There are 2 protein chains.
Amino acid sequence: MRSSEGFTGSVWLRPPRAQTGQPALSREQIVRAAMELLDAEGPSGLSMRRLGTKLGSGATSLYWHVANKDELLELAVDEVLGEIYVPEPGDTTWRVGASISANGMRAALLRHPWVIGLLGLHPTLGPNAMRLGERLVALFTAAGFTGMPLSHATALLNSHAIGSATSEAAVRSALKRTGKTWEEVAQDVEPYLERLAPDNPNYEKWRQETGPMRKDPDQVLDETYAFGLERLLDGLEMWLRDDGAPAADGDIGDRRG
Amino acid sequence: MRSSEGFTGSVWLRPPRAQTGQPALSREQIVRAAMELLDAEGPSGLSMRRLGTKLGSGATSLYWHVANKDELLELAVDEVLGEIYVPEPGDTTWRVGASISANGMRAALLRHPWVIGLLGLHPTLGPNAMRLGERLVALFTAAGFTGMPLSHATALLNSHAIGSATSEAAVRSALKRTGKTWEEVAQDVEPYLERLAPDNPNYEKWRQETGPMRKDPDQVLDETYAFGLERLLDGLEMWLRDDGAPAADGDIGDRRG
DNA sequence: AAAGGGTCTCGCACACTGTTCGAGCCGACT
DNA sequence: AGTCGGCTCGAACAGTGTGCGAGACCCTTT
């Protein structure tokens, strides 16, 4: 069986295995252990052999419960999505609900940064991903969205969480890997920036005017994310008010500039 | 030398190698060839040995020009960022300029989907990434942004491009991998969705009301991206008009809901 | 009680990976 | 003529994902 010979062969669409013997090893257990390895040491920390010994069993035993390393990773990704909480429509404002959802997604991705590199490989349609979709649809329906724009709006929210988390994970991993502080890194990069300064006049000017980073990177990254989220929610709210009802179905008014 | 013992050891901060002998192999050539392999066969298609034979040289010769496979990938990522065009401030409206930039970023990421999985690993500060930053600063400065909000605004634009491209790449890669059409995939997934239907009432209802996908996935993905971009630009424009001038420096007015 | 069959574990083996090391080549400068 | 630095490369090492087939265990049927 080829590693992925179609959607029909995907983990999610395949019926689960029957189970009568002595398990000693279960899919959930394997996935959980894999996540622990990934959280602790990143993508390179997970190998089938290491996972096997961590579970006290042979490496190839895993292949009874999981077709593939790829499939194992898919399962792990869905597991992470299961950590995200999306409020019920009645619990709060739509806007706050959307914020909580996006915050949760961002937090989950930053808690398990290895997920970020996997999101672009397969569409995740595991049960937790579906539940996430369900809850978001509920939230945005209650807010007044319908049809394709509803799907577009939830996609926008997710995109922001994913995109932000990607950028954040990059700098966070650099800080962690080097073990340096924000100031030390800034000092290291300084001469490089100065060498490039003649080519980047606008950036340099902005950098001079804004001055050195006074806040720690956590706070800056939080603010960057939060600022974007507010702008995006403003945009959605505005669309809901202005164009939502009248132009219910027709073409979207993009490329208007 | 450890693979990455700090920012000081990063490719970008290290002075380039002196060069007098007979090159026969150059860093640019290597990076270009690596990109070709990656574009053609994805991340698993690139191995140092294959890259070596593609260039007609021994695999280990590459290690003279490049410290690492990781470093090679960093160089390739920056190369991709070099394909993105950002208009000059005077060329168009700010809004159109931002759209063009984001469109370019999204297109570049979809042309080279392997980049997506690498963006979260290291912050890219190669020359092309810097140039990108420079141009965006120019564009957003001309639009009236200053200080931290300027940085937040550009980050938002990039996040949208990255996040959208991630989601898109997932479905595009699935379609390509399985070789199936959109309708065939939908048919494959159908029974799974119906099995989960009782748990996802809102999603199901939305699905029923919206009806089957009439358009091809390219168009749907384009629309999703474009819708999000417009909402986001609306939000930025609104902020620029309302809060931009008065609250120039202080805390950002987030968490307002 | 015996036989059969499914579930599950696992050692071996294969092809392949990234990377180190040290030997050697070749052109240029002294 | 000799040395030196840039550059190439083959051999080797430790480690990877995974296919295969032998077996162990337990439940069911005869």
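So you know, we letter chains A, B, ... as the sequences are listed, proteins then strands, and number each from 1. Predicted model, so just to flag it, every value in this text is computed and none were measured.
Against DNA chain C, the stretch residues 41-61 of chain A makes heavy-atom approaches under 4.0 Å through A/Arg49, A/Ser57, A/Gly58, A/Thr60, A/Ser61.
Note: OH (B/Tyr63) to C1' (C/dC21) measures 13 Å, nearest angstrom. Between B/Asn68 atom CG and C/dT17 atom C1' there is a gap of 14 Å when expressed in whole angstrom units. Between B/Asp70 atom CG and C/dT17 atom C1' the separation is 14 Å, expressed in whole Å. If you measure from atom CZ of B/Arg27 to atom C1' of D/dC7, you get 15 Å, rounded to the nearest angstrom. Whole-Å rounding puts the A/Leu37 CG to D/dT16 P distance at 11 Å. With rounding to whole Å, A/Leu62 atom CG is found 10 Å from D/dG17 atom P. One atom, NE2 of A/His65, and another, P of C/dT7, lie 12 Å apart when rounded to the nearest Å. Protein atom CH2 of A/Trp64 is 14 Å distant from nucleotide atom P of D/dC20, rounded to whole Å.
For A/Asp218, the side chain to side chain donor-acceptor pair (under 3.5 Å) partners are A/Arg172, not counting sequence neighbours. Considering only residues two or more places apart in sequence or on other chains, A/Lys54 meets the salt bridge (charged side-chain N to carboxylate O under 4.0 Å, His left out) condition with A/Glu36. Qualifying salt bridge (charged side-chain N to carboxylate O under 4.0 Å, His left out) partners for A/Arg50, counting only residues two or more places apart in sequence or in other chains: A/Glu41. Annotation: salt bridge (charged side-chain N to carboxylate O under 4.0 Å, His left out) contacts of A/Glu204 (sequence neighbours excluded): A/Arg207.
Counting only residues at least two apart or in different chains, salt bridge (Lys or Arg N to Asp or Glu O under 4.0 Å) contacts with residues 105-121 of chain A comprise A/Glu83-A/Arg111, A/Arg106-A/Glu168, A/Arg106-A/Asp222.
Using a 4.0 Å cut-off between a side-chain N of Lys or Arg and a carboxylate O of Asp or Glu, B/Arg27 and B/Glu71 qualify as a salt bridge.
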